[in-house]
Amino acid sequence: MNHLLAMATATTSFGTACCLRRVVTHAFALSHSHNLRTNANLSFQRTLTSHLLSVSTSSDSGASKTVQASKGEVDVLLKGVGEKSVANEVKHVLEMAKRASLKREILHTNFLTPPVLKESMQVLEKLADIKALAQGGYPQAERCRISVGHPDELTSDPDVISALSITGNFKFEPCSHSDFLGSILGTGITREKLGDIILQGEQGAQIIVVPELVEFLMAALDKVRNVPVTCTKIPLISLDYEPPRTKSFKTTEASLRVDAVASAGFKISRSKLVDMISNGDVRINWIPITSKGTTIKSGDLVSVSGLGRLKIGEVNTTKKGKFAVELIRYL
């Protein structure tokens, strides 16, 4: 009897062991299968990631080539722009224009100085997929904003400039252009947000600004030098601008050096003009010059601090090899 019980226990243990072995084997098989699937998934994910990275790198490489090509095109377009500071600003305008055309949107610059404005418009005119409009408030405006975009999008003049009238009693304390400019910038705005300032004698001045600063200036600007002022918004059509008065005359010089031509135009000694050049008070086309040997050409605008502006008209060579120069003095 005891022998039979021992056999039964052994059989049960053997069966249990077999069952356990089958369970463990099955679990191992499931685990191995799961690991295989996991490894396969990881392998697939690594392959997919590798492929995506490859595509991304390839795409980035293509984009890089596009950027390089665009930069190459920009460099070609900027070849004719001599002044480095002007060329850098023109480059920013050109990049903005490209972006506007690509995204089919209209973008606007701040107010640009005359040399940057001139060079930018000349460069933009060479691009068929870009349209540019310059606005300064009136036809003779020197400082303007340029709006750029695809020709299909830029179909009318955008509303990007506004005008303000600054009035006060300036009869006993006349204020200059620099007085108004200093007071306006004293409110905290930057120069590029401000266009031309049109002086109106005893009445004050009219200014061109970006539209978003109209309300601010109406509240913040209350004095120009010691004169209390009031700022009111006016329509652009109300700008009271008179074309500048000029006087034309001719001079004959041995060379087209600026010290020779400008001294004759401003009726000052050549040595005095040379000193003003050394002090940075003389500009050609709004760009300061430092060399008295700088030459001028027809169409150049020479400005001297405290003396005004002089435009170079027609230039002819005389029989004796000298230069007959037409000078247009702004009064």
Side-chain angles (χ1 to χ4, degrees), residues 83 85-86 89 108-118 120 134-146 160-236 238-245 266 276 279-289 301-311 330-331:
E83 181 68 21
S85 60
V86 173
E89 291 195 55
H108 318 286
T109 69
N110 287 315
F111 284 100
L112 304 175
T113 60
V116 175
L117 174 67
K118 177 184 176 183
S120 296
Q135 298 183 78
Y138 58 100
Q140 294 85 4
E142 291 186 351
R143 296 174 65 86
C144 296
R145 298 185 74 182
I146 295 179
V160 295
I161 54 175
S162 296
L164 283 173
S165 175
I166 304 174
T167 56
N169 186 5
F170 293 94
K171 184 176 182 179
F172 301 105
E173 191 173 355
C175 289
S176 66
H177 182 281
S178 59
D179 290 328
F180 281 95
L181 177 60
S183 296
I184 295 168
L185 299 185
T187 63
I189 74 170
T190 55
R191 185 65 179 95
E192 60 266 21
K193 301 297 182 182
L194 178 66
D196 285 3
I197 299 174
I198 305 170
L199 298 179
Q200 293 189 299
E202 296 180 1
Q203 282 72 44
Q206 295 174 333
I207 64 172
I208 314 298
V209 298
V210 293
E212 55 267 28
L213 287 180
V214 167
E215 297 295 331
F216 170 76
L217 282 172
M218 288 173 63
L221 184 61
D222 57 4
K223 185 181 291 187
V224 174
R225 210 157 68 182
N226 295 316
V227 180
V229 297
T230 301
C231 291
T232 54
K233 184 179 180 180
I234 59 174
L236 293 175
S238 296
L239 288 172
D240 187 14
Y241 176 77
E242 293 182 4
R245 293 181 299 115
F266 289 106
M276 298 186 79
N279 293 332
D281 294 329
V282 179
R283 292 174 170 79
I284 295 180
N285 298 326
W286 298 278
I287 298 173
I289 61 170
L301 187 70
V302 182
S303 56
V304 178
S305 298
L307 297 179
R309 295 181 298 173
L310 181 74
K311 188 172 184 178
Y330 291 84
L331 303 176

How about [X] and [Y]: do any of their side-chain heavy atoms sit closer than 4.5 Å?
{"X": "Leu239", "Y": "Ile208", "value": "yes"}
{"X": "Thr167", "Y": "Thr232", "value": "no"}
{"X": "Leu307", "Y": "Met276", "value": "yes"}
{"X": "Val214", "Y": "Leu164", "value": "yes"}
{"X": "Leu185", "Y": "Arg191", "value": "yes"}
{"X": "Arg143", "Y": "Thr113", "value": "yes"}
{"X": "Phe266", "Y": "Val304", "value": "yes"}
{"X": "Leu181", "Y": "Leu194", "value": "yes"}

Please confirm whether the backbone N or O of [Y] pairs with a side-chain atom of [X], one donor and one acceptor, at under 3.5 Å?
{"X": "Arg225", "Y": "Cys175", "value": "no"}
{"X": "Thr109", "Y": "Ile146", "value": "yes"}
{"X": "Gln206", "Y": "Asp240", "value": "yes"}
{"X": "Thr187", "Y": "Ile184", "value": "yes"}

Counterpart residues, side-chain contact (heavy atoms from CB on, under 4.5 Å), relative to Glu89 (two or more places apart): Val116
If only side-chain N and O atoms count, and only distance matters, is there a donor-acceptor pair under 3.5 Å linking Asp196 with Tyr241? no
Identify the heavy atoms of [X] and [Y] that sit nearest to each other, and give their distance.
{"X": "Val209", "Y": "Ile207", "answer": "CG1-CD1, 3.8 Å"}
{"X": "Gln135", "Y": "Phe111", "answer": "O-CE2, 4.5 Å"}
{"X": "Phe180", "Y": "Gly204", "answer": "CZ-C, 3.7 Å"}
{"X": "Cys231", "Y": "Ile166", "answer": "SG-CG1, 3.9 Å"}
{"X": "Ile197", "Y": "Ala205", "answer": "CG2-CB, 4.2 Å"}
{"X": "Tyr330", "Y": "Leu310", "answer": "CD1-N, 4.3 Å"}

If you round to the nearest 0.5 Å, how far is [atom2] of [Y] from [atom1] of [X]?
{"X": "Ile161", "Y": "Cys144", "atom1": "CD1", "atom2": "SG", "value": "7.5 Å"}
{"X": "Ile189", "Y": "Leu221", "atom1": "CD1", "atom2": "CG", "value": "9.0 Å"}
{"X": "Leu117", "Y": "Arg145", "atom1": "CG", "atom2": "CZ", "value": "12.5 Å"}
{"X": "Ser162", "Y": "Leu236", "atom1": "OG", "atom2": "CG", "value": "6.5 Å"}
{"X": "Lys171", "Y": "Gln203", "atom1": "NZ", "atom2": "CD", "value": "10.5 Å"}
{"X": "Leu217", "Y": "Lys193", "atom1": "CG", "atom2": "NZ", "value": "12.5 Å"}

Over 12 non-hydrogen atoms of neighbours within 6.0 angstrom of CD in Glu242: no
Residue from Leu112, Ile287, Asn285 passing side chain to side chain contact (heavy atoms under 4.5 Å, CB included) with Val86: Ile287
